[in-house]
A.B. asks: 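Dumping the structure here so I can ask a few things about it.
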There are 2 protein chains.
Amino acid sequence: MVQDKKQAILKGVLKLVNRVGFYHISMKMVAAEAGVAAGTIYLYFKGKEELINELYTMIVSEFNESVLDAYDQDSPIKEVYRAMMSRAVLFYLNNKDYFSFIEQYTYAPFLFKENQEQNFMLLLPLYKMMRAGKKQKMIKNLPDAVLLSMVHGPMNTMLKMHFARKTDLTKATVQNKFYNACWEAIAAHN
Amino acid sequence: MVQDKKQAILKGVLKLVNRVGFYHISMKMVAAEAGVAAGTIYLYFKGKEELINELYTMIVSEFNESVLDAYDQDSPIKEVYRAMMSRAVLFYLNNKDYFSFIEQYTYAPFLFKENQEQNFMLLLPLYKMMRAGKKQKMIKNLPDAVLLSMVHGPMNTMLKMHFARKTDLTKATVQNKFYNACWEAIAAHN
DNA sequence: TAAAAATGAATGAACGTTCATTTTTTGAAA
DNA sequence: TTTCAAAAAATGAACGTTCATTCATTTTTA
């Protein structure tokens, strides 16, 4: 019962991210969207900051669940790579509001207080895969940051362009072209 | 004389982007930073929205100047690519405040009114280079959006990590590894 | 001295948060 | 099962603060 209302409030924020944009969200709007009174929010969250931070934590754990369980120690690394990218892209395509929220949260005023370290937690699944690939000599022996940027960066930009309707991410393009192009950037060419 | 004050105000905003973050910038702060009174800003700009938008336009044109003049029709496309990437990365490394501003401007509330189209103007130099490369069969025949994301994305993520001190972008790494890795993502492998 | 530029206190709107009040839930007694 | 009072949950008007913007006044320029 208590959780129902808390979830309704969190979901309310998400809906508003798309409808009015991160920085126009007021507590009154959240209350209206969630079907509660303004004061009720403060029974479940200390304040706006905690509300936003909890939502972020929720999204991060959902994302990691979705992507990390594609990590099968025994599969060839290229397949792990493909599975992870696939899951990550699908996760955001199916949850535009998550993507928008994450993008904007990164630069939110709140962040500059304590959560700055959490900021790259979303990259941990990819990070793990990279290290395995380097050991197997399947992936270039480059600094982690370089490799990470080579798969996270394109995904991010693609999604941004897709959601801004600058391009259409068809399944075929993503699966047959995009993943391969990124792979060629990070793969060791022996 | 008039331009001095206008420039001082614009530069004031930029300084504040780094010091207090985009969303904590108030008109009073800008006035103090620029050494003028609050009301003075309104002699040069219609309001906060116009101020921010003019700053964006200023940065876009500076960026395009810096990067586009690396486009020499006669050079081999791989060299053009390298020169452009090099200029773009250098531009942002030397102007952290420009990078921060652009990143945050993209999702600013202002944007959702009219300037949304300008949003990918920064990518035009890269876009142009891609099309030439495709004609010469040096670059994969992929949709422009895919190619663009493959060079813009990594650069963006690298810079973000660099500025967040998650990695150190040494000149050597960038020049010897990063550019090549991105190139392999977009190059046609005949 | 007239015009132009600059000032900064005043204004009103918007926001996050609080808290006195109302509504709902609970569970023991009848 | 019904009753009812105490506890818990929910409400939303009110508060204090912050902010962008205005404009009567002052300062600078021509």
Side-chain angles (χ1 to χ4, degrees), chain A residues 1-58 101 104-105 107-115, chain B residues 1-58 101 104-105 107-115:
Chain A
M1 187 72 89
V2 165
Q3 284 307 309
D4 283 355
K5 234 154 220 176
K6 196 171 177 180
Q7 284 300 311
I9 292 165
L10 288 168
K11 293 288 178 195
V13 177
L14 271 179
K15 278 185 217 158
L16 287 169
V17 168
N18 280 309
R19 186 159 343 126
V20 305
F22 196 88
Y23 289 100
H24 280 142
I25 293 173
S26 73
M27 295 302 261
K28 227 163 224 164
M29 282 180 190
V30 173
E33 190 67 33
V36 301
T40 306
I41 299 174
Y42 293 85
L43 300 177
Y44 298 96
F45 302 95
K46 213 177 144 194
K48 193 177 186 181
E49 184 172 332
E50 191 182 284
L51 169 57
I52 298 292
N53 285 333
E54 275 203 36
L55 184 52
Y56 178 69
T57 301
M58 190 191 94
F101 181 86
Q104 293 173 74
Y105 177 83
Y107 279 103
F110 312 117
L111 202 60
F112 288 87
K113 288 170 191 164
E114 44 178 38
N115 288 43
Chain B
M1 186 73 86
V2 164
Q3 284 307 311
D4 284 354
K5 233 154 219 172
K6 195 170 178 181
Q7 283 300 311
I9 292 165
L10 288 167
K11 293 289 178 193
V13 177
L14 271 179
K15 279 186 217 160
L16 288 169
V17 168
N18 281 309
R19 189 165 335 132
V20 305
F22 195 89
Y23 288 99
H24 280 143
I25 293 173
S26 73
M27 294 303 260
K28 226 165 222 162
M29 282 181 190
V30 174
E33 191 67 33
V36 301
T40 307
I41 299 174
Y42 292 85
L43 299 177
Y44 297 95
F45 303 95
K46 212 177 145 195
K48 193 178 186 181
E49 184 172 332
E50 190 183 284
L51 169 56
I52 298 294
N53 284 333
E54 275 205 32
L55 183 51
Y56 178 70
T57 301
M58 191 191 92
F101 180 86
Q104 293 173 72
Y105 177 83
Y107 278 103
F110 312 117
L111 202 59
F112 289 86
K113 289 170 191 165
E114 44 178 39
N115 289 43

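Quick note on labels: first sequence line is chain A, next is B, and so on, each numbered from 1.
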A.B. asks: Give the rounded distance in Å between these two atoms: NZ of B/K6 and P of C/dA6.
C.D. replies: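 Rounding to the nearest Å, NZ of B/K6 and P of C/dA6 are 13 Å apart.
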A.B. asks: Within the 4.5 Å heavy-atom criterion, are B/L10 and B/L51 side-chain neighbours or not?
C.D. replies: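 Touching, per the 4.5 Å side-chain cut-off.
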A.B. asks: Counting only side-chain N and O atoms of A/K28, is one of them less than 4.0 Å from OP1 or OP2 of C/dG16?
C.D. replies: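 It does not, given that no N or O in the side chain of A/K28 lies less than 4.0 Å from OP1 or OP2 of C/dG16.
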A.B. asks: Expressed in angstrom and rounded to an integer, what is the separation of B/L51 atom CG from D/dC19 atom P?
C.D. replies: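 Rounding to the nearest Å, CG of B/L51 and P of D/dC19 are 16 Å apart.
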A.B. asks: Work out which heavy atom in A/Y42 is nearest to a heavy atom in A/M27; give both atom names and the distance.
C.D. replies: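 Nearest heavy atoms, A/Y42 then A/M27: OH-CE, 3.4 Å.
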A.B. asks: Figure out the CG/C1' separation between A/L43 and C/dT22, and round it to whole Å.
C.D. replies: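 Checked: the CG to C1' distance equals 14 Å.
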A.B. asks: From the options C/dT18, D/dT11, D/dA20, select the nucleotide whose nearest atom is closest to the side chain of A/Y42.
C.D. replies: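 Of C/dT18, D/dT11, D/dA20, C/dT18 is nearest to the side chain of A/Y42.
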A.B. asks: To the nearest Å, give me how far apart CD1 (A/I41) and C1' (C/dC15) are.
C.D. replies: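 So the two atoms are 12 Å apart, to the nearest Å.
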A.B. asks: From the options D/dA9, D/dG12, D/dT21, select the nucleotide whose nearest atom is closest to the side chain of A/Y44.
C.D. replies: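 Taking heavy atoms from C-beta onward, the closest nucleotide is D/dA9.
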A.B. asks: Should B/E54 and B/K6 count as an ion pair when the cut-off is N to O under 4.0 Å?
C.D. replies: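 Looking at B/E54 and B/K6, the cut-off is met.
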A.B. asks: By nearest atom, which of the nucleotides C/dT7, D/dT11, D/dT21 is closest to the A/A37 side chain?
C.D. replies: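 Minimum distance to the A/A37 side chain belongs to D/dT11.
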A.B. asks: Please walk me through it: do B/F101 and B/F22 pass ring-ring contact (aromatic ring centres under 6.0 Å, His included)?
C.D. replies: CA-CA 7 Å; B/F101 180 86; B/F22 195 89; 5.6 Å; yes
